[in-house]
There are 2 protein chains.
Amino acid sequence: MNVSEAIELLNDKGFKTTSRRKDILTYFFDADGYRTAKELMQHMEAIHEGISFDTVYRNLNIYHEIGILESTELNGEKLFRMNCTNEHHHHFICKECGKTKEIALCPMDDIKGTLKNYYIEGHKFEIYGLCPGCLSA
Amino acid sequence: MNVSEAIELLNDKGFKTTSRRKDILTYFFDADGYRTAKELMQHMEAIHEGISFDTVYRNLNIYHEIGILESTELNGEKLFRMNCTNEHHHHFICKECGKTKEIALCPMDDIKGTLKNYYIEGHKFEIYGLCPGCLSA
DNA sequence: TTACAAATCGAAACCATTACGATATGATTA
DNA sequence: TAATCATATCGTAATGGTTTCGATTTGTAA
């Protein structure tokens, strides 16, 4: 998803377009990987002096709710990235730079049969490590 | 792992055996599934009036470090359970009662080939939902 | 350009977890 | 068994990430 698609979705849902919202979207579009609220906050403080936690966290949650961002949780901290918008898939996540690599294979396909009588609400499959770039650096 | 095996391991590592430590182990042995620090705290307060956060969290971390407990993270909270001590495997986790079902299949076996040049540090695969017991209740 | 709902600010509150000085206790040794 | 001492625990304060709130500002529809 790119920035203008995200703004369009934001408007469709009845949210206003503000400079802070645009800058948050641009940040994640450029990031191309997972980022923490803290990292976003630091970036935003540089261009909007005095920006509040409220603004950052509220917008992260809105973006996640309406599908602009996807999120995961690592070491007690939430991470966000632009939504991939394509087929169901999983991610390798670089612990150094946050960049991701899509994993097309979903283990659920092979497992559903072994969970008869269970209600499956969701699943999480993620691989952590270092990407080739960070590995050579 | 049962309580006496856990106590033996604790002693081998040079830790002392206290009534609190034994009661924590018994709690997890009986629980047969994931529990939060809060749930443990509530249980412990009933049998050791005035028990401190320090005691609960410190022992959870010690138990996790030496492999008595395994842990995961859900909604910003850590969950702990007795270590299964057998082959590498994953879990279905019941969101209602915390009970788990082992999933023998590990998706990493099929995926390692697609991550040449990546350093793989770890992975997480978990399935969430309701177990048959909670489903019928 | 007005009007008003929605967004933002600044700061406090919240929740899970960690840390710390003082005291108590398990286990080793005499 | 009693003395010793490192370790465990208590009571409480601090921390880190996140959420919430009243007051003010700002998009946007009329």
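Everything numeric here is computed off the predicted structure, so don't read it as measured data. Quick note on labels: first sequence line is chain A, next is B, and so on, each numbered from 1. The basis for the numbers below is simple: all heavy atoms, side chains too, and nothing from hydrogens, waters or symmetry mates.
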Base of C:dA5 paired with side chain of A:K16 (donor-acceptor, under 3.5 Å): yes
B:Y34 and B:F80: CA distance, side-chain angles, deciding distance, ring pair (Phe, Tyr, Trp, His ring centres under 6.0 Å) verdict: CA-CA 5 Å; B:Y34 277 105; B:F80 298 88; 8.5 Å; no
Spacing between A:L79 atom CG and D:dG16 atom P, to the nearest angstrom: 18 Å
A:I7 CD1 - C:dA7 C1' separation (whole Å): 16 Å
Among D:dT19, C:dT8, C:dT18, the nucleotide that comes nearest once only the side chain of A:R20 is considered: C:dT8
B:L74 CG to C:dC15 P, straight-line distance once rounded to whole Å: 18 Å
B:N59 vs D:dT9: side-chain N/O to OP1/OP2 distance below 4.0 Å: yes
Check: A:I62 main-chain N/O paired with A:H64 side-chain donor or acceptor under 3.5 Å: no
Sugar-phosphate, base or nothing in reach of A:R58, heavy atoms under 4.0 Å: base
Side-chain N or O of B:T17 closer than 4.0 Å to phosphate OP1/OP2 of C:dA27: yes
Whole-Å gap separating C1' (C:dC20) and CG (B:D54): 9 Å
Pairwise 5' ranking along DNA chain C for B:T18 and B:T36, keeping only the more 5' one: B:T36
Given DNA chain C, 5'-ward residue of the pair B:F15 and B:A37, judged by closest heavy atom: B:A37
Sugar-phosphate, base or nothing in reach of B:R21, heavy atoms under 4.0 Å: sugar-phosphate
Contact under 4.0 Å: A:K22 side-chain N or O vs D:dG27 OP1/OP2: no
Gap between atoms CD1 and P, on B:I62 and C:dT18 respectively (whole Å): 12 Å
Options C:dT17, C:dA16, D:dT9, nucleotide nearest the side-chain atoms of B:F53: C:dT17
Spacing between A:F80 atom CZ and D:dG17 atom P, to the nearest angstrom: 13 Å
Result of checking B:I24, B:N83, B:L9 against B:Y63 for side chain to side chain contact (heavy atoms under 4.5 Å, CB included): B:I24
Euclidean distance, atom NE2 of residue A:H64 to atom P of D:dT18 [Å, nearest integer]: 13 Å
Residue met sooner reading DNA chain D from 5', once B:I51 and A:K78 are mapped to nucleotides: B:I51
A:Y57 side chain near D:dT19 phosphate (N/O to OP1/OP2, under 4.0 Å): no
OP1 or OP2 of D:dC10 under 4.0 Å from side-chain N/O of B:T55: yes
Phosphate OP1/OP2 of D:dT7: any B:K13 side-chain N/O under 4.0 Å: no
Flag if over 12 foreign heavy atoms under 6.0 Å of OH, A:Y118: yes
CA sep, side-chain torsions, deciding dist, call: B:L10, B:K13, side-chain contact (heavy atoms from CB on, under 4.5 Å): CA-CA 5 Å; B:L10 200 58; B:K13 298 282 182 178; over 6 Å; no
Rounded interatomic separation in angstrom, taking CG from B:D12 and C1' from C:dA27: 15 Å
Distance flag, aromatic centroids of B:H123 and B:H90, threshold under 6.0 Å: yes
